[in-house]
Amino acid sequence: MLMNSIAFIFKHPPHGSSSGREGLDALLATAALSEDIGVFFIGEGVFHLLNSQQPKTIFARDYIVAFKLLELYDIENVYVCQQSLTTRGMLKEAMGDIAVKALSIAEIQMQLNGYDRIISF
């Protein structure tokens, strides 16, 4: 079975709604079926990767830690918007152990153009 290339965009903050958790669940499930996956963190979505988060609930802690599993699922194309980081006073190093490539908005758009399907959360 041939699977399309799929880009997942996280553009909303990690807390306050279930959007990010639903996106992560969809991402990990899709990773079992396809090797051609890209993950993009744009706008408020960059907070999903912030290493220094200290959520109070176990559910939220497990959710934040789960983003560190991307490499384990062989998801290697992980990108973060450099402008989104800069606007929020964050450095790429704040992402901790998660291997991400910081790209400009134009570079992100070029990368997204290479995917068959784009899903936003």
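- Residues Val100 and Leu49 share a closest heavy-atom pair of CG1-CD1, 3.8 Å.
- Two residues are said to be in side-chain contact when any heavy atoms from C-beta on lie closer than 4.5 Å; Asn77 and Tyr115 meet this criterion.
- Rounding to the nearest 0.5 Å places OG of Ser34 at 9.5 Å from CD1 of Ile75.
- Residues Ser5 and Asp36 approach most closely at CB-OD2, 2.9 Å, considering heavy atoms.
- Although no hydrogens or angles enter the test, the distance criterion places a donor-acceptor pair under 3.5 Å between the side chain of Ser104 and the main chain of Glu107.
- Cluster membership check: Leu27 does not share its hydrophobic cluster with Leu112, using side-chain heavy-atom separations under 4.5 Å among Ile, Leu, Val, Met, Phe, Trp and Tyr.
- Nearest heavy-atom pair, Gly43 versus Ser84, reported as atom, atom and distance to 0.1 Å: N-OG, 2.8 Å.
- In this structure, Thr30 and Ile119 have side chains that are not in contact, with every pair of non-hydrogen atoms separated by 4.5 Å or more.
- Shortest non-hydrogen contact noted between Gly23 and Phe10 is C-CZ, 3.6 Å.
- With Thr86 contributing its side chain and Gln82 its backbone, the two residues share a donor-acceptor pair below 3.5 Å.
- Shown here for Tyr73 and Ala31, the closest heavy-atom pair between the two residues is CD2-CB, 4.1 Å.
- Here Glu44 pairs with Arg88 under the salt bridge (Lys or Arg N to Asp or Glu O under 4.0 Å) rule; sequence neighbours left out.
- Both Ile118 and Tyr79 belong to a single network of hydrophobic side chains, linked directly or stepwise wherever heavy atoms of I, L, V, M, F, W or Y lie under 4.5 Å apart.
- For the pair Phe40 and Ala7, the tightest heavy-atom approach, listed with the atom from each and the gap, is CE1-CB, 3.7 Å.
- Cluster membership check: Ile42 does not share its hydrophobic cluster with Ile37, using side-chain heavy-atom separations under 4.5 Å among Ile, Leu, Val, Met, Phe, Trp and Tyr.
- Of the options Leu85, Val39, Ile108, a side chain to side chain contact (heavy atoms under 4.5 Å, CB included) to Val80 is made by Leu85 and by none of the others.
- No path of Ile, Leu, Val, Met, Phe, Trp and Tyr side chains, each step under 4.5 Å between heavy atoms, connects Val46 with Ile9, placing them in separate hydrophobic clusters.
- Taking the six-membered ring for Trp and thresholds of 30 and 60 degrees, His48 and Phe41 have ring planes inclined between 30 and 60 degrees apart.
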